[in-house]
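In what follows, a single structure is set out as structure tokens and then discussed.
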2 protein chains.
Amino acid sequence: MIETLIRKLERRDTLADFERRALVEAVGEVREYRPHEIVVRERTEQHNSHLLLEGYLCRYKDLRDGRRQIVALHVPGDFADLHSFLLKHLEHNLAALTPVRIAVFPHERLRTISERWPHLTRMLWFSTLLDAAIHRQWILSIGRRSAVGRIAHLFCELRARLEVVGLASEERYALPLTQIDIADATGLTPVHVNRMLRELRDRGLLEFRGGEVIITDNAGLARLAEFDPGYLYLQKQPR
Amino acid sequence: MIETLIRKLERRDTLADFERRALVEAVGEVREYRPHEIVVRERTEQHNSHLLLEGYLCRYKDLRDGRRQIVALHVPGDFADLHSFLLKHLEHNLAALTPVRIAVFPHERLRTISERWPHLTRMLWFSTLLDAAIHRQWILSIGRRSAVGRIAHLFCELRARLEVVGLASEERYALPLTQIDIADATGLTPVHVNRMLRELRDRGLLEFRGGEVIITDNAGLARLAEFDPGYLYLQKQPR
DNA sequence: CGGCGTCTTGAGAAAACTCAACTTCCGTGG
DNA sequence: CCACGGAAGTTGAGTTTTCTCAAGACGCCG
């Protein structure tokens, strides 16, 4: 059930049998949520962390005037709010963008792992460091890239992350988000996202429709986005 | 020598004597760097992490056309690249913005800590989660706030972070950065930063000159910035 | 079939950027 | 002690990018 997580971690370092077992034993119940449902509300004490099994989750923050910024998108295999294990509450909401299936990990069991299994602990720590590396890439994107560049980069990143867990081929993957979601993730307005998507289509780089991304010119897209997957730390090495 | 780190951690949870001792024993040499010197270069294998003792460090990424984005600013007490302990290399540069003093921690000794001291390990993990929370706040700022709002928020954040380690009073702190640095951190151009600083001054909120920030209207500044320090997780609790 | 959320397009406005010139500040060397 | 040079800061004018507002089309669910 937690194969995607295992797959994501084993892409970066080998796990021992007992470590895989420890992870499996740490799983509590499995829950499902509908689009727009909030999985974890900001500023409320947490006793569980959530592993995304299926669908898309996002973390977002609101501004007083109602504008919203998605600060992270999560794909299956992501331990979306593992950081609440030590932060104890979140400063943002965690919500479903599509129908999702989620595995719940009680903090108490994560604590046991952290007391008993140093290497597995480092791997979990690593996975939160990966989140941070992705955050930094988003800061660069939003801070310095043009609107098309940002969107192109996001689609490249999602392809790479989904590929790790076997959910994307070289040229396509499912992404049942709205243009509004893309706008909130890239710091743009929905109207402008719409125009930029048209531009990407007109340039023959990709199509985003019907909840699917079809990359028609991978090299051209990566060039436009200045995409380099180095920040996803895909090398397998002792950690 | 590592009092600022201790202070930062103990603000969030109690450390036992043996934990403080373990940290002290993990310190290697102390180094100094001049402004603009690179402490850690991207994509090079790392065997040490660096704790900032004095001065300001930044992490930045470059785009092909030469534009730069600072993805993190570090104040004394920050374990600037603790994440290289598990990432093994960085996807950005770590550089001095001012003259800095830095304590070097060999990864080997951090590994020993992670094998022996679960709670101290969690505290170090926590400190990297704090970095990520700050990254998320920057994503919100850069993605959705106006230029003045972004700058105002940055100055609020730095005040709060410096106060933790005793380097800021209610209304002032040393910040010997250039307007160019502020521009790179906020995703703006230096020219626009200059105009926005004038606006902040004209509105009687703060002055930034001579390497010092003087907050003349804390409440007004926080209101403009929509600043809420919740994301800095300043509560002391078991972690 | 109706209604609502999303997508699309146009037109005009606002925010931030670019370019350029000039000033100020500071450190260095004559 | 002063002159010089370079980096940083300041200001103006014009441009570009992105946003706002608004209207209409599309598509899916009840």
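Just so it is clear, the values below take in all heavy atoms, side chains as well, and ignore hydrogens, waters and symmetry mates. Since the model is a prediction, treat every value here as computed from it, not as a measurement. Below, chains carry the letters A, B, ... as their sequence lines are ordered, and counting in each starts from 1.
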Problem set entry | Cationic N near anionic O, under 4.0 Å, A:D65 to B:R145 | no

For this session: Nearest whole angstrom, please: distance from the P of D:dT17 to the CD1 of A:I151.
Result: 15 Å

Exercise. What are the residues of residues 136-147 of chain B, sorted by number, that bring a heavy atom to within less than 4.0 Å of DNA chain C?
Worked result: B:S146, B:A147

Exercise. Salt bridge or not for B:D184 and B:R67, using N-O below 4.0 Å?
Worked result: no

Problem set entry | ring pair (Phe, Tyr, Trp, His ring centres under 6.0 Å) against B:F227, all qualifying residues, sequence neighbours excluded | B:H153

Anything under 3.5 Å between a protein N or O and an N or O of nucleotides 28-30 of chain D, put it in a table, one pair a line.
none

Exercise. Which whole-number value in Å describes the distance from A:I180 CD1 to D:dC19 C1'?
Worked result: 16 Å

For this session: Answer yes when A:D228 and B:R43 have at least one side-chain N-carboxylate O distance shorter than 4.0 Å, and no when they do not.
Result: yes

For this session: Report yes if at least one side-chain N or O of B:Q179 is closer than 4.0 Å to OP1 or OP2 of D:dT10; otherwise report no.
Result: yes

Exercise. Which is the 5'-most and which the 3'-most nucleotide of DNA chain C that has an atom under 4.0 Å from a heavy atom of chain B?
Worked result: C:dA16 to C:dC19

Problem set entry | Lys/Arg-Asp/Glu bridge criterion (N-O < 4.0 Å) met for B:R161, B:E157 | yes

Exercise. If we ignore angles and hydrogens, is there a donor and acceptor under 3.5 Å between the side chains of B:Q46 and B:D81?
Worked result: no

For this session: Identify, with sequence neighbours excluded, every residue that meets side chain to side chain donor-acceptor pair (under 3.5 Å) alongside A:E91.
Result: B:R136, B:Y233

Problem set entry | Row check, B:Y173 ring normal vs B:R159 NZ/CZ: under 6.0 Å, within 45° | no

Problem set entry | Contact residues, residues 186-202 of chain A to DNA chain C [heavy atom, < 4.0 Å] | A:V191, A:N194, A:R195, A:R198

